[in-house]
Every structure is written in structure tokens, then in C-alpha cells.
Amino acid sequence: MVGSGNPEAGSLVSAYRSVVPAGARKSIVRKVPAPLRSAVKSSFGSVDAIRSATVVWAMGGRRNAPRHSVAATRRVVRVKGRHMHALVVDGATAWAARARNLHILVAALEAGGVDYFCVRGATKDLPTVAVPADQREAAEEMLQIAFDQTPGYVGAATASESGMRPGDSAKSWRQLRKHDALRLAWYVTDPTEELSFGADQGCDLEFWKEHGGLLEAPRPNRVVTEVPVDAPRYTVPQALFALIPGAYTTGSARTVAEFTQPLAEDHLFPIDVVYTWVDDSDPQWSAERDAYRSGRPDSPARTLHAQAANDSRFTSRDELRYSLRSLHQYAPWVRTIYLVTAGQVPSWLDTDAPGIKVVDHREIFSDPTALPTFNSHAIESQLHHIEGLSEHFLYLNDDVFLGRPVGADRFFHTNGLTKFFQSKALIPSGPVATEDLPVNAAGKNSRALIERSFGTRIAQKMKHTPHALRRSILADIELVYSAEHHRTQHSRFRSPEDVPIASSLHHYYGFHTGRTTTGNLRYQYIDLAADQARRRLDNLLAHRNFDTFCLNDTVEHPDPEAQERMVRNFLDTYFPVPSRFERADWDGRRAVHRPERPEKAELRQ
């Protein structure tokens with residue numbers, strides 16, 4: 001528990017106010033006499049210190065990147081139609097921009113001895129700080145110092161980007177006096193200027209007025225709108241108020257008791273991510289696939305649908321690298337990422353990075369004789385066998401990406417129910433036929449199992465989004481539908497007998513047993529072989545207004561090289577910031593690494 005403010009810094013502010021005339025904030029550092037300027041800077045931090053002490057170095061995408069690699073340069077960037085000054089920061093992310101804004105705001109208030117406490121604010125995704133209204137003038141003056149040293153913007157909390165004004169201008173603060181809730185943002189951009197973070201990733205500042213010994217909030221929040229003036233202040237991690245990955249830290253902040261406890265709306269359970277991945281450029285894997293596709297003495301060839309084993313199903317353009325970037329950029333709440341492979345490891349992947357583990361098929365298949373497999377349905381049937389995997393997890397193919405910041409609540413209710421996302425596309429009627437597309441045959445099989453168990457008919461397919469799954473539901477399916485589960489596991493290529501366990505049956509079985517429910521998100525699917533693919537990619541890039549999107553290959557493109565350039569240019573532009581999972585010494589080659597494979601797992605009971 002700490003007191004409210006710093007008396008030494010408070011007297012420093014009083015002296016500063018007596019020297020600096022109102023309206024002279026822009027030249028504040030020059031106008032303050034040298035001894036006092038030195039003292040102010042010592043308390044709050046010099047220009048260089050402000051950049052180094054208050055920038056959240058978690059913005060660095062690569063885990064081992066040196067801190068001094070952050071460029072202390074500014075550029076004018078375009079944010080929602082406005083030209084704004086922004087600091088160039090290597091590895092800028094949405095979550096780190098929010099954390100940085102909170103960190104600078106708290107540093108300024110503490111340096112000036114201004115009382116404050118962090119709150120769980122009215123704006124769910126943004127940090128919020130409360131200051132007693134009688135200390136507003138002191139807070140404004142300290143923040144003008146902060147904005148003078150590190151340019152940024154201030155506006156009403158309800159204002160759009162167009163309402164943000166220069167924070168180092170006394171005029172801006174005077175014009176905002178009628179507002180008791182403000183939005184502060186020190187803008188950042190990555191070196192490519194493809195990503196810029198402004199007001200949408202800002203920090204709110206509220207001024208709470210005193211009435212009868214109580215400080216009253218100027219707007220509703222999710223916990224309490226009145227606290228005693230003399231309520232004790234507690235020191236807590238800043239991460240409680242700004243979503244920050246556990247691998248990073250941004251220091252501490254003050255709050256009152258009511259805001260130190262988790263809420264019912266908080267996701268208190270861990271959430272992992274599972275990818276299934278393959279690289280067809282690996283000659284050993286390709287030779288093995290071709291041998292089984294053509295037929296071997298121990299595995300006679302079967303007639304396969306054209307889409308069941310065509311090369312486009314296995315093409316890798318390093319989409320996984322960019323999908324991981326999307327998680328790093330937009331979903332810091334993920335705990336551990338599991339990469340399920342056929343003994344392959346991308347050459348660019350840093351397997352020593354915290355938060356990622358590579359899992360071989362042999363570690364999870366209950367029957368090793370089903371391997372090797374080239375069927376995603378078979379691999380998906382075994383995901384719940386991953387050792388250490390959390391009960392709640394997201395399953396992604398490497399062609400699925402997050403397109404903007406999303407919270408865990410998009411996929412999971414806080415009571416543990418998972419959400420699924422139905423497509424407008426319908427499962428065709430009738431029984432399974434040999435000419436059915438593999439996706440349609442699988443949907444029909446899922447429908448038959450639900451009809452058999454619950455007497456209801458499912459009609460809709462699922463969107464190509466991250467799938468929110470629970471290990472316990474997948475384990476139940478393995479027991480309840482053991483014959484169908486066994487058949488799917490042993491199908492080396494997509495087969496008319498497959499059941500889509502992770503992408504369909506889990507959701508509908510969970511729904512009928514009270515453990516899953518329907519959800520909504522903004523999503524786009526792009527077939528990369530379609531004539532309109534380039535136009536749709538350009539629209540995605542221009543607006544960045546989808547929660548998730550999928551870039552899918554179903555058939556081979558007539559000009560694979562042109563398609564490769566189109567996709568690579570899009571991904572490089574949409575996700576320019578490396579994640580911490582990428583090797584800093586990667587030379588750009590797309591070879592795969594084959595570590596020593598584990599021994600075959602014993603048959604699971």
C-alpha cells in the first residue's frame with residue numbers, strides 16, 4: 001500500500017508553476033531556469049530517459065532484439081485520414097501501444113506528485129486512470145511536459161481520431177476543460193509505416209469530483225463509481241489494467257482496493273493455440289506423400305477426390321510465420337502455442353522462444369500405425385492428446401489470421417463455454433456420395449452423428465476461423481463415436497468416411513451437451529485462385545476491419561509464381577512486425593529443419 005502522491009515532486013511542481021507562464025507549454029523546457037529544469041527532468045526524466053524509461057520495450061518483436069534498436073525518430077503518418085506525428089518503434093504492436101500510453105501517463109503523474117488510481121474503465125479494452133478533480137491543473141501541467149518531450153495528442157474520451165489535438169498545447173487543454181474524461185495517446189508507427197497506433201490504442205484520463213468525502217466518477221465503469229477521498233492506494237502491476245503478455249513487464253501503478261480483484265467478466269483460465277502445419281517443399285515429406293498417394297504394398301492406392309490430395313492443399317508460403325505475427329500483434333492473452341508437424345520445423349522458427357512448442361505427430365497419435373498421415377481430419381482428431389495443452393484452446397490452420405485486436409471473449413465465455421461461428425453455406429442434403437467434395441462429405445457425416453445422438457438436424461457449415469475447442473469435449477467424442485473416430489484417424493488422405501471432429505462435430509456435440517454456443521465475429525474468406533482475389537486482398541489491406549480472415553487454396557493456380565508474389569506482398573504489408581518466435585539470424589531461406597523424431601507413442605487406452 002502506498003500514499004497518494006510524492007510530496008517532494010509536488011513542491012517541485014509548485015515551483016515550476018510559479019516560473020512558467022500559462023500558454024508557454026510548448027517551450028516549457030527552455031523557459032524553466034536551468035537549476036529547476038534539471039530538477040524537473042530529474043524527477044520526470046530527460047528527453048532520452050522519457051523515451052527509454054516509458055516506451056514499453058515489449059514492442060520489440062524479436063525476443064533477443066537489443067533495446068537500443070528502437071529508433072528514436074518521428075515521422076508524420078496518416079491515421080484515419082489525418083496526418084499525425086508518431087514515434088518510430090521497431091516491433092510496434094496494438095497491445096504494446098496501449099501499455100506504453102498507460103506507462104507514460106502514470107510516469108508523468110507520479111513525477112509531479114499527482115494523486116491518481118487506475119480503474120477498470122468504461123472503455124473495456126483501454127486502460128483508464130482517475131485523478132481527483134482538484135488536482136486537474138497539476139495533472140495537466142505535468143502531462144504538457146510529457147507531451148513536450150514525447151509528442152502526442154489529447155481529446156475527449158468520446159471523440160474520434162479527428163478530435164485529437166496536440167498535447168503540448170495549453171490551448172488544447174483549455175478547450176477540453178468541459179470534458180471530465182479525456183483520451184491521451186502518444187502515437188507510434190513501425191518502420192514500414194504500415195502499422196500506426198493512435199487514439200484507438202490510447203489511455204483514458206478521468207477527473208473524479210469530490211462530494212461529501214467521496215470521489216465520484218464522471219461516467220459509469222464496471223466496478224465502482226464512488227470511492228472515499230482517503231481510500232488507501234495499493235501498488236499493483238500495470239498489466240492488470242492494460243493487456244500485456246506475461247513475457248513482458250511495464251512496472252507498477254496505483255489503484256484502490258475495489259480494482260485489485262478480478263471480475264466475473266475476466267478470463268481467468270489459460271488459453272493455448274494449436275496449429276497444424278506442413279511444408280511441401282520438404283523432399284522427404286513429399287516423397288512419402290507421393291508414395292502413399294500412388295499406392296504401396298502395405299497401403300494400396302484408393303480413388304481420391306481431386307481436392308483430397310492435390311498439391312495446393314499442402315502448399316506453404318510461410319503463412320504460418322504471418323499467422324504467428326497476427327497472434328503476437330492482436331492476441332497477447334494467448335499462453336502457449338503448439339505447432340503440430342510431421343517432424344518438420346520451419347527454418348525461421350526460434351524453438352527456444354518462450355511460449356511455443358513443436359509437437360510431432362508421433363507424440364499425439366493414439367495408434368502409430370495410422371502414420372504417416374496427410375489428412376488434416378486425422379490430425380485434428382488427435383489434438384486433445386497434446387501433453388500440457390490447456391482445457392480451452394484455439395485451433396488454427398496456418399492460412400487463418402487475426403486482422404485486428406480481438407479479446408478472448410470473441411471465442412470463449414468467461415464461464416468456460418466456447419463459441420462457434422456458423423457459415424451461411426449449407427451442408428448438402430442426402431447421404432454421402434463418392435462425387436461429394438471432401439468438405440461436404442465430412443459435413444454429412446457430422447450431421448448423421450448428431451441426428452443419431454440427439455434427433456436434431458444440423459444444416460450449416462462452419463466459417464474458416466480459429467476454432468475454440470475444449471479438450472474434454474474432444475475426449476468425449478473419441479469415446480462416444482469410437483468407430484468413426486478410429487476410421488478418421490486411419491484415413492491417410494481425406495476420405496468420404498471422415499468426420500470433421502475439430503471444425504464441426506466438436507461445436508455441435510458441445511452445443512447439445514451445454515458446453516458451446518454460437519458466436520459472432522467479422523470474418524472474410526478469400527479463395528486465392530479466384531479472379532477477385534487481388535481486389536479482395538487490397539480491400540483487406542486498405543480497411544483492416546475484419547476480426548479474422550482466411551487465405552485458402554483449394555485448386556492449383558494457373559500461374560503459381562504470380563500467386564506467390566501476390567500473397568507474399570500482401571502478408572508482408574499487413575504483418576510487417578516480426579513476432580518473438582522468429583529467429584533473428586534467419587537468412588530468408590524456406591528450408592525446413594528435421595529434428596530427431598521421438599519414439600512412437602504407446603497405444604493409448
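This one's a predicted model, so the numbers in the text were calculated from it and none came from an experiment. Side-chain atoms are counted along with the backbone in the values below, which use heavy atoms only and exclude waters and symmetry mates. Quick note: residue numbers are just sequence positions, from 1.
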K.L.:
What heavy-atom pair brings P354 and F581 nearest, and what distance separates the two atoms?
P.N.:
O-CE2, 3.5 Å

K.L.:
Working to the nearest 0.5 angstrom, can you tell me the gap between T517 OG1 and F420 CZ?
P.N.:
6.5 Å

K.L.:
If you measure only the distance, is there a donor-acceptor pair under 3.5 Å linking the side chains of R522 and T548?
P.N.:
no

K.L.:
To the nearest 0.5 Å, what is the distance between CG on L417 and CZ on F412?
P.N.:
11.0 Å

K.L.:
So, for G202 and L126, which heavy atoms are closest and what is the spacing to 0.1 Å?
P.N.:
O-CD2, 3.6 Å

K.L.:
Do we see a donor-acceptor contact under 3.5 Å between the side chains of E391 and S472?
P.N.:
yes

K.L.:
Does F570 reach the side chain of L551, with side-chain heavy atoms less than 4.5 Å apart?
P.N.:
yes

K.L.:
Does the cation-pi check pass for R544 over Y574, that is, NZ or CZ under 6.0 Å from the six-membered ring centre and within 45° of its axis?
P.N.:
yes

K.L.:
Pairs in or reaching into residues 431-451: which pass ring pair (Phe, Tyr, Trp, His ring centres under 6.0 Å), with residues at least two apart or in two chains?
P.N.:
none

K.L.:
Between atom CG of L537 and atom CG of L541, what is the distance when rounded to the nearest 0.5 Å?
P.N.:
8.5 Å

K.L.:
May I ask you to test the E387-E363 pair for a side-chain heavy-atom distance under 4.5 Å?
P.N.:
no

K.L.:
Test salt bridge (Lys or Arg N to Asp or Glu O under 4.0 Å) on D282 and R289; report intermediate values, then the result.
P.N.:
CA-CA 11 Å; D282 177 9; R289 177 201 58 188; over 6 Å; no

K.L.:
Could you report the tightest heavy-atom contact between T123 and R219, atom names first, then the distance?
P.N.:
OG1-NH1, 4.0 Å

K.L.:
Using the side-chain hydrogen bond (donor to acceptor under 3.5 Å, both in side chains) definition, which of the options H385, Q489, Q382 pairs with E478?
P.N.:
H385

K.L.:
Step through the shown structure and confirm whether more than 12 heavy atoms of other residues, nucleotides or ligands are within 6.0 Å of CG on N415.
P.N.:
yes

K.L.:
Is the distance between the ring centroids of F393 and Y338 under 6.0 Å?
P.N.:
no

K.L.:
Do you know the tightest heavy-atom contact between D409 and K419?
P.N.:
O-NZ, 2.6 Å

K.L.:
Give, for atom CZ of F549 and atom CG of L540, the distance between the pair rounded to the nearest 0.5 Å.
P.N.:
5.5 Å

K.L.:
Ring centroid separation for H467 and H507, is it under 6.0 angstrom?
P.N.:
yes

K.L.:
Can you give me every donor-acceptor pair (side chain of residues 498-506, partner residue at least two apart or in another chain, under 3.5 Å) with its distance?
P.N.:
unit_1	atom_1	unit_2	atom_2	d
D498	OD1	S491	OG	3.3
D498	OD2	N375	ND2	2.9
D498	OD2	H377	ND1	3.1
D498	OD2	S495	N	3.1
S504	OG	S446	OG	3.3
H506	NE2	R470	N	3.0

K.L.:
Mark yes or no for whether R447, through its side chain, and P428, through its backbone, hold a donor-acceptor pair below 3.5 Å.
P.N.:
yes

K.L.:
Using 0.5 Å steps for rounding, measure from the CG atom of D547 to the OG1 atom of T465.
P.N.:
10.0 Å

K.L.:
Can you label the angle between the F454 ring and the H512 ring as parallel, tilted or perpendicular, going by 30° and 60°?
P.N.:
parallel

K.L.:
To check you understand the geometry: which heavy-atom pair defines the closest contact between L240 and T260, and what is its length?
P.N.:
CD2-CA, 4.1 Å

K.L.:
Are F374 and W285 close enough that their ring centers fall under 6.0 Å?
P.N.:
yes

K.L.:
Where is the tightest heavy-atom contact between H464 and C550, given as atom of each residue plus distance?
P.N.:
O-CB, 3.5 Å

K.L.:
State, without any angle test, whether Q422 and Y508 hold a side-chain donor-acceptor pair at a distance under 3.5 Å.
P.N.:
yes

K.L.:
Strictly distance-based, threshold 3.5 Å: is any side-chain N or O of N397 a donor or acceptor partner for the main-chain N or O of D399?
P.N.:
no

K.L.:
With rounding to the nearest 0.5 Å, note down the distance linking CZ in F365 to NE2 in H490.
P.N.:
9.0 Å

K.L.:
Under 30°, 30 to 60°, or over 60°: which ring-plane class applies to Y481 and Y509, parallel, tilted or perpendicular?
P.N.:
perpendicular

